[in-house]
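Throughout, protein chains are lettered first and strands after them, A, B, ... in sequence-line order, and every chain is numbered starting at 1.
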Amino acid sequence: MQNLLHNLNDEQLAAVTLPSQSALILAGAGSGKTRVLTTRIAWLIQTGQVSPSGILAVTFTNKAAKEMLTRLSAMLPINTRGMWIGTFHGLCNRLLRTHHRDAALPQTFQILDTQDQLSAIKRLLKANNVDDEKFPAKEVMYFINGAKDQGLRADKIDPYNADERKKVELYQLYDDQCQREGVVDFAELLLRTYELLSRNQPLREHYQQRFQHILVDEFQDTNDLQYKWLKLLSGHGGQQGGVLFAVGDDDQSIYAFRGANVGNMSAFEREFNVRNLIKLEQNYRSHGHILDAANVLIANNSKRLGKNLRTDAGHGEQVRVYEANSDLSEAAWIIEETKNLIHDGASRSEIAVLYRSNAQSRVIEHALFSAGIPYHVYGGLRYFQRAEVKHAIAYLQLMDNPHNDSAFMRVVNFPARGIGVRSIETLQAAADQYGISLYAAVPYVTGKAGTSLAGFVKLVEGARFETQQMALPELVRVVLEQSTLLAHYATEKEGADRIENLEQMVSAATQFVSEEGYGQGAPAHLGPQAQAASGDAILNADGVEILDADAPLSTVMSPLSAFLSHASLEAGDNQATAGQEAVQMMTVHSAKGLEFNNVFITGLEEGLFPHESSSREHDGVEEERRLMYVAITRARQRLYLSFAQTRMLHGQTRYNMKSRFFDELPEDALKWLTPKVQPNWFGGRKSAWDEAPLVGSDNAIAQKFASKAIAGSGWRIGESVAHAKFGEGVIVNIEGSGNNARAQINFGAAGMKVLDLSVAKLDRL
DNA sequence: GCATGATGAGTTTTT
DNA sequence: CTCATCATGC
């Protein structure tokens, strides 16, 4: 135990050794949050307060879960496999497989990823003749997921107008369709588990008793349903009161747009009667100036639990600020600085270029490419999302659950086998008529279409029969051949990469089988013995089926089913780890949780960062500020901030003001590499624009600027104006001319507006 | 059923 | 500008 707690600071020690009661740990960036979580678990086990099976640790990403497992096995001499550490979705998947009958799901239920879900909804809209102009599939999907994320079923929603009534109706139809097909989407995994445990008292009590300690990572990212799920599982409101150990940082809450509710933190504090709010404020990552910048910036947010990071590392270097006159020269400057860093001995992988939106990466990528500097862009397609891999997966899905219509649609005519839209329409009609899946409806289709369809079914059946006794990797190989996917891509000119990806699936299967503890030769399909075993209920004293908590996965899921859930729940790397010694490029969102010695935060302009669409949302700018906070705190030693006066966006040149965040950063932490812009530099006074030549200053741009101003019928870009409703603002851009002239004006708190200059009443300041 | 051009949209992302 | 999606023609 001595070793366990040895290197902890006082705050961390207090958190790790808290008595068994609900606790909220406010863990600042770089404060050793994962360390506290894992040490807490190890300490609980080592002091005999709980057995490994009494632990439930929940994360959002597989990466975080894996990290915890790795660190734990380094701390404890026990097998971590018996411990329940995983993502919300992974844990729900496990629970639903085990209790699939109570949850009213087939044992081989399959998980729709976002692509699959969208195509399922498109199919639904078509089948019900819904006007997809009025109800776009994406919107319907957001509606359904939004409702599920709040724990709401269709029958619990009170529609406030006709459109919403229609959406609720579609939600119900969608759920019916999923149930018929034996598929669940991501949100459904959670909601179904929540409902299962709410409804089934013995089951709920079993797990409440089992999980004496529930620990949650990144608590600020939980949505309403996840919080309810945690409350239920912890036994909150029940006899025992519920004990939850939540770790999070309200200042790093950047996922409100996907349903995360920071309010869960204060709700938790209140509802769980948290007596111990522990703040981890000692930062082990960044130098002083960087931390100052982060602290001072985030202090501008109003809704905070309150926290201030400190470091022993000393001030370090100031934050370097660069004003470029275009996005191109911003990129050129990044290249220069990168070269200097590398020349001074920096490793390329310790240099990160961050941006607010993906579109910004292009220019920088291009510049890095031209300069011959290896780089790696995060956020491309993940392995299991690639088209060819999804195709192969669809064949596997059909072999495991032929009623998955999404899978059916994906490959029924891929590679092409003469089954066109017409045949599918006939098939769909038959399926609708009998209320069955497309696969099951095939025998009802006659004629030529029927023959080709029957051929497809025969292909799937044949593959299933032939692979009955095969191990998973072998099965995958056979399916790749028999589906003719390999042969198909062999004829394509760009098919080599795709074939390679498909081949990789065999090794992915091999790796999966060994990691999940299936026997190497275990048949991929669920054998009759295993089926019988899972069919035998394990009864508790009340004669109710409960989970054998440590039952190996193989008694609940066949290797094939497990592999398919793995493919949905863990999309894989976003690229082959190409060029590890490469400059890292990513959005600020993807940078969360990472750290680098040298960080560039680029495109710090009004409209971009903070993003203009954020000014319309409630608390939108506060979330952007948190995003900036996350970005700043990624840097260990050196931080660069940059912005550009002009930028190509959507094929148009835009003139952006520098980000308001510059005004919120402490001056003495900053070092301007270009002349510092006056606070209201557009206000007719002095501007860096008119001053001594900037690096790479471009006269053509200045001329364009001037002509823009003339076109605007008297108004100038950069002029300060006042508006009766929006208050004071600055003209950022002028489009059109004469009576059609419109000005884009930044009204600060009131946000960015585009006003018709012939209509709007503006006063010069 | 597939190649080609028109059209339109265009933050952030994990599971 | 650039990519994805849709409609049109062969």
Exercise for the section: For DNA chain C, write out the stems as range with range, using runs of 3 or more consecutive Watson-Crick or G-U pairs with both distances under 3.5 Å. Expected result: B:1-10 with C:1-10
Value in whole Å for how far the [atom2] atom of [N] lies from [atom1] of [X]:
{"X": "A/Lys138", "N": "B/dA9", "atom1": "NZ", "atom2": "P", "result": "12 Å"}
{"X": "A/Asp132", "N": "C/dC6", "atom1": "CG", "atom2": "C1'", "result": "11 Å"}
{"X": "A/Tyr142", "N": "B/dT15", "atom1": "OH", "atom2": "P", "result": "17 Å"}
{"X": "A/Asp327", "N": "C/dC1", "atom1": "CG", "atom2": "C1'", "result": "12 Å"}
{"X": "A/Glu365", "N": "C/dT2", "atom1": "CD", "atom2": "P", "result": "13 Å"}
{"X": "A/Arg356", "N": "B/dG10", "atom1": "CZ", "atom2": "C1'", "result": "14 Å"}
{"X": "A/Phe257", "N": "B/dT11", "atom1": "CZ", "atom2": "C1'", "result": "8 Å"}
{"X": "A/Tyr255", "N": "B/dT12", "atom1": "OH", "atom2": "P", "result": "12 Å"}

Please check if the distance between the ring centroids of [X] and [Y] is under 6.0 Å.
{"X": "A/Phe662", "Y": "A/Phe643", "value": "yes"}
{"X": "A/His391", "Y": "A/Tyr489", "value": "no"}
{"X": "A/Phe456", "Y": "A/Phe408", "value": "yes"}

Base, sugar-phosphate, or nothing for [X], non-hydrogen atoms under 4.0 angstrom?
{"X": "A/Thr587", "result": "sugar-phosphate"}
{"X": "A/Ala187", "result": "nothing"}
{"X": "A/Glu624", "result": "base"}
{"X": "A/Phe88", "result": "nothing"}
{"X": "A/Ile419", "result": "sugar-phosphate"}
{"X": "A/Phe60", "result": "sugar-phosphate"}
{"X": "A/Asp185", "result": "nothing"}

Exercise for the section: Sticking with atom C1', work out how far C/dT5 lies from B/dT12, rounded to a whole angstrom. Expected result: 23 Å
Counting side-chain heavy atoms from CB outward, which of [options] is closest to [X]?
{"X": "A/Thr87", "options": "B/dT12, C/dT2, B/dT15", "answer": "B/dT15"}
{"X": "A/Asn358", "options": "B/dT15, B/dT12, C/dT2", "answer": "B/dT12"}
{"X": "A/Phe186", "options": "B/dT11, B/dT13, B/dT15", "answer": "B/dT15"}
{"X": "A/Arg382", "options": "B/dT12, B/dT11, B/dT14", "answer": "B/dT14"}
{"X": "A/Val421", "options": "B/dT12, B/dG1, B/dT13", "answer": "B/dG1"}
{"X": "A/Arg258", "options": "B/dT15, B/dT13, B/dT12", "answer": "B/dT13"}
{"X": "A/Arg362", "options": "B/dT15, B/dT12, C/dT2", "answer": "C/dT2"}
{"X": "A/Ser614", "options": "B/dT13, B/dT15, B/dT11", "answer": "B/dT11"}

Taking OP1 and OP2 of [N], is either one under 4.0 Å from a side-chain nitrogen or oxygen of [X]?
{"X": "A/Asn145", "N": "B/dT15", "result": "no"}
{"X": "A/Asn62", "N": "B/dT15", "result": "yes"}
{"X": "A/Arg647", "N": "C/dC1", "result": "no"}

Practice task
Apply the side-chain hydrogen bond (donor to acceptor under 3.5 Å, both in side chains) test between A/Glu605 and each candidate in A/Lys658, A/Arg647, A/His611, A/Arg660; give the one that qualifies.
Solution key: A/Arg647
Problem - Trace of the side chain to side chain donor-acceptor pair (under 3.5 Å) decision for A/Asn145 with A/Gln117 - result: CA-CA 10 Å; A/Asn145 289 341; A/Gln117 189 187 16; 2.8 Å; yes
Which of parallel (below 30°), tilted (30 to 60°) and perpendicular (above 60°) describes [X] and [Y]?
{"X": "A/Phe143", "Y": "A/Tyr171", "answer": "perpendicular"}
{"X": "A/Phe600", "Y": "A/Tyr640", "answer": "parallel"}
{"X": "A/His566", "Y": "A/Phe512", "answer": "tilted"}

Handout entry: B/dT11 base stacked by A/His611 (centroids within less than 5.5 Å, tilt under 30°)
Key = yes
Completion exercise
By nearest-nucleotide position on DNA chain B, the 5'-leaning member of A/Gly418 and A/His589 is A/Gly418
Exercise for the section: Nearest-nucleotide wise, let me know which of A/Ala571 and A/Ser357 is further upstream toward the 5' end of DNA chain B. Expected result: A/Ser357
Handout entry: Side chain A/Thr114 and base B/dT15 donor-acceptor under 3.5 Å
Key = yes
Practice task
Give the intermediate values and the outcome of side chain to side chain donor-acceptor pair (under 3.5 Å) for residues A/Tyr378 and A/Gln584.
Solution key: CA-CA 8 Å; A/Tyr378 276 60; A/Gln584 308 289 302; 3.1 Å; yes
Practice task
Taking all non-hydrogen atoms of both residues into account, name the closest pair between A/Met265 and A/Asp249 and its distance.
Solution key: CE-N, 4.0 Å
